[in-house]
Each structure stands twice: as structure tokens, then as C-alpha cells.
Amino acid sequence: MKHLALLRGINVGGKAVLPMKELAAIFAAAGASSVKTLIQSGNVVFEAADAAAVAAGVTAEIARVYGYPGRIVLRGADELRKAYAANPFAQAGAPVETLHVYFLADWPD
């Protein structure tokens, strides 16, 4: 199953730097396959039977190697399709390249 990992707090410069090549290797070592990073965003598309276990391994390795917490928001391919389908701007015909969506890690209190 395909998943999207959105890493929070990862930067291309300054604090919390994590090169995407190294991030991809961490995902692979944690059990992910078909790992692809998206530019220098900290966003990773991967396949895994247990995405939560991969995310836990990745966050632990980031903390161990880089010394800061790796926070990951996970979404499955089906969830992404549903988010797009439910987007009122997409339904109104807005150009896809102008659409934005924000995912929270948990439901707010």
C-alpha cells in the first residue's frame, strides 16, 4: 500500500537539516520500499504493509542520528484521494496546481 509521510520541522537550511537522500535511506532501513522524496520538502512517498511501524522507526532514527524529534503525519493513498474529492475548490473546477490542503497529525481537542 502506498503512503505519504509529511515530516514536520525538517528544513533545507539552518536548523533541523536533513538531506533527502539520507531521509530516503532511513525510510528504506525502517522497512519501506519504493521510497521517493519530493524535492527538499521532507515529504516522502513509500510503500509498506505497516506504515506506522515505518514511521516509528524513522522518527527514532532521526532522533538518534540528528538529535531532534522527527514528527511525521501519515496519510494513505485512499485518504489523499478522498481529500482531493472532498475539496470544494476542486469540485468547483479550480486548477489543480492552485489547490492546497493541510493535514493534522491528530484530531484537535
Q | Over all atoms of both residues, closest heavy-atom pair of V58 and A30 | A | CG2-CB, 3.9 Å
Q: Kindly work out whether a path of hydrophobic side-chain contacts (I/L/V/M/F/W/Y, heavy atoms less than 4.5 Å apart) joins L4 to I62.
A: no
Q. Does D78 have any side chain to side chain donor-acceptor pair (under 3.5 Å) partners at least two apart in sequence or in another chain, and if so, which?
A. R81
Q: Return the set of residues passing side chain to side chain contact (heavy atoms under 4.5 Å, CB included) with A56 (not counting sequence neighbours), or none when no residue passes.
A: none
Q) At their closest point, which heavy atom of A55 faces which heavy atom of L74, and how far apart are they? A) CB-CD1, 3.8 Å
Q.
Suppose the criterion is salt bridge (charged side-chain N to carboxylate O under 4.0 Å, His left out): which pairs have a residue in residues 56-74, not counting sequence neighbours?
A. E61-R64
Q: Kindly give the heavy-atom pair with the smallest separation between V73 and R8, and that separation in Å.
A: CG2-CG, 4.4 Å
Q.
Hydrophobic clustering (ILVMFWY, side-chain heavy atoms < 4.5 Å, transitive) - are M20 and V44 grouped together?
A. yes
(Q) Going by the rule side chain to side chain donor-acceptor pair (under 3.5 Å), which residues pair with Y66 if we only count those two or more places apart in sequence or in a different chain? (A) E22
Q.
Please tell me whether V96 and F89 are part of a single hydrophobic cluster in this structure, the criterion being side-chain heavy atoms less than 4.5 Å apart.
A. yes
**Q.** Straight-line distance of T59 OG1 to I26 CD1, nearest 0.5 Å
**A.** 10.5 Å
Q) Can L7 be reached from L80 by stepping across I, L, V, M, F, W or Y side chains whose heavy atoms are under 4.5 Å apart? A) no
Q | Any pair counted as salt bridge (charged side-chain N to carboxylate O under 4.0 Å, His left out), so long as it reaches residues 31-58, sequence neighbours left out | A | none
Q.
Side chains of L23 and V35, heavy atoms from C-beta outward: is any pair under 4.5 Å?
A. no
Q) In terms of hydrophobic clusters joined by side-chain contacts under 4.5 Å, are I72 and V45 together? A) no
Q.
Which residues pass the ring-ring contact (aromatic ring centres under 6.0 Å, His included) test with F46, not counting sequence neighbours?
A. H3, F27
